[in-house]
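The structure appears below as C-alpha cells.
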Amino acid sequence: MHWRHKDLLEISQLTPEEITHVFTTAARFVEVNQRPVKKVPVLKGKSVVLFFSEPSTRTKTSFDIAGKRLSADTFSLAKSGSALQKGESLNDTALTLEAMSPDAIVIRHEHSGAARFLAERLQCSIINAGDGWHAHPTQALLDGFTLYQIWGSFTGKTICILGDIAHSRVARSDVELLTMLGAKVRVCAPRTLLPPAVLTWPVEVFNDVSQGCKDVDAIICLRLQLERQQAGLLPDLREYAAIWGLAPRHVAQAACDVKIMHPGPINRGLEIASELADSHASLILDQVNAGVAVRMTLLHLYLTRSRVLA
Ligand code: NCD
C-alpha cells in the first residue's frame, strides 16, 4: 500500500483498509521486538523530534524506543527546560524546530488543534500524540491493534468505554476507530462527564455501569482527567469510585472472556479496582507492548511513505 498521508492528526483521516494495513505491519514489528537484537535500519539517517508540552510516560517512551529500533535519531523537547516556558509561541517554537530539518515531529499539546496548526505550517510529518480533548490517534490504533491480535475481526464485538468521556481524547479516537472497524461501541459515564455532542456519536449511551458492561467483549476504562475538569462536575471522588469505578460485580455482567483495558496512567481504586487491573482479563500491559510496534509502524509509514518493510 502506498501511504498517501503526510500527517497523522485524527483517525477520520484513515480508511478501514489503511487501519488494517497498520495492524498487519505492526504484527511484523511485534516479531522484530521479540528478537535478541531489536533494531532494523529502515529509518537510518531520519530524525524525529518528540515535542511533549504535557506529561507522558507511555506515549513518549514508546515513540522514542520505536524511533531508535528503526535506527532513527530521536530528540526530546519538553515544556520545562524549553523556550516555551519563556513565552515563545507554538508557531515560533515550531518554525525553530523545522529550521533544524527533522523528518517528523511527534507532538503532545494541551490545546485541541495544536497538531493541525503545525501540520498546516511545516513541511515535515506531524504525528499527533494527543491534543487537548480532541484526539489521540496513536492510542486508538494501539488499542485497536491489541484487540485485533486477539480477535482478528471486530464484527459482532461490543466494547464499553467507561469513565470521563467528556474530557477524553482517547474516547473520541477510540469511538472513531472501533466503529469504523465494525464494532458496536457503548459509552458509560455520569451525565456531567458526557459531552453534549455524544448524541451525535455512533454509540449507545449508558448511565449505569452494570448495564453498560452487560455482555460486552471489552471494557476500556478511562482516567478522570481532573486537570481538564471545571470544579463542581463531581461531588466527591470516593463516591465516584464507589459508583463508577470498574469493580468485579460489573465485570461479572460482561462476556466470560471479557478484556479489560486502560490507556494509563491508572488510578487504582478510583476508575478501576486494583485487582481487575492485575487480573488475567487485563490487557493494560499488552497495550503498552502493542504501542511500541504500532508506533514503529507509524514512523515507518509516515517517514518512508511506502509499503517496503525490512
Ligand atoms: C492518555 C492521554 O494522555 O490522553 N494517556 C496515554 O497517552 N497513555 C490518557 C490519560 O492521560 O488519561
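What's counted below: heavy atoms across the whole structure, side chains too, no hydrogens, waters or symmetry copies. In listed order, ligands and their atoms are each counted from 1.
- Taken to the nearest 0.5 Å, the NZ atom of Lys214 stands 12.0 Å off from the OG1 atom of Thr158.
- A donor atom on one side chain and an acceptor atom on the other are not found under 3.5 Å apart for Ser112 and Asp131.
- With a 4.0 Å cut-off on non-hydrogen atoms, Ala129 does not touch ligand 1 at all.
- By the 4.0 Å heavy-atom criterion, Arg108 is counted among the residues contacting ligand 1.
- Within ligand 1, the atoms closer than 4.0 Å to a non-hydrogen atom of Val170 are 1 (C), 4 (O), 9 (C), numbered from 1 in the order shown.
- Considering every non-hydrogen atom in both His262 and Leu222, the closest pair reads NE2-C, 3.9 Å.
- Nearest non-hydrogen protein atom to atom 9 (C) of ligand 1 is Gly264 O, 3.4 Å.
- When each atom of ligand 1 is checked for a heavy atom of Gln139 under 4.0 Å away, the hits are 6 (C), 7 (O), 8 (N).
- The single protein non-hydrogen atom nearest to atom 11 (O) of ligand 1 is Arg223 NH2, 3.0 Å, given as residue, atom name and distance.
- Cation-pi contact between Arg121 and Phe117: present, with separation from the ring centre below 6.0 Å and deviation from the ring axis of at most 45°.
- The ligand atoms of ligand 1 that sit less than 4.0 angstrom from a heavy atom of Gln225 are 10 (C), 11 (O), 12 (O).
- A salt bridge does not link Arg172 to Glu176: none of the charged side-chain nitrogens sits closer than 4.0 Å to a carboxylate oxygen.
- Distances between N or O atoms of Pro265 and those of ligand 1 include no value under 3.5 Å.
- Tyr302 and Trp3 have perpendicular rings, their planes meeting at more than 60° on a 0 to 90° scale where under 30° would count as parallel.
- Nearest protein neighbour of atom 8 (N) of ligand 1, counting heavy atoms only, is Pro263 O, 2.9 Å.
- Checking Glu271, Arg169, His136 against atom 3 (O) of ligand 1, the nearest heavy atom belongs to Arg169.
- Partners of Ala189 under the side-chain contact (heavy atoms from CB on, under 4.5 Å) rule, at least two apart in sequence or in another chain, are Ile165, Leu193, Leu194.
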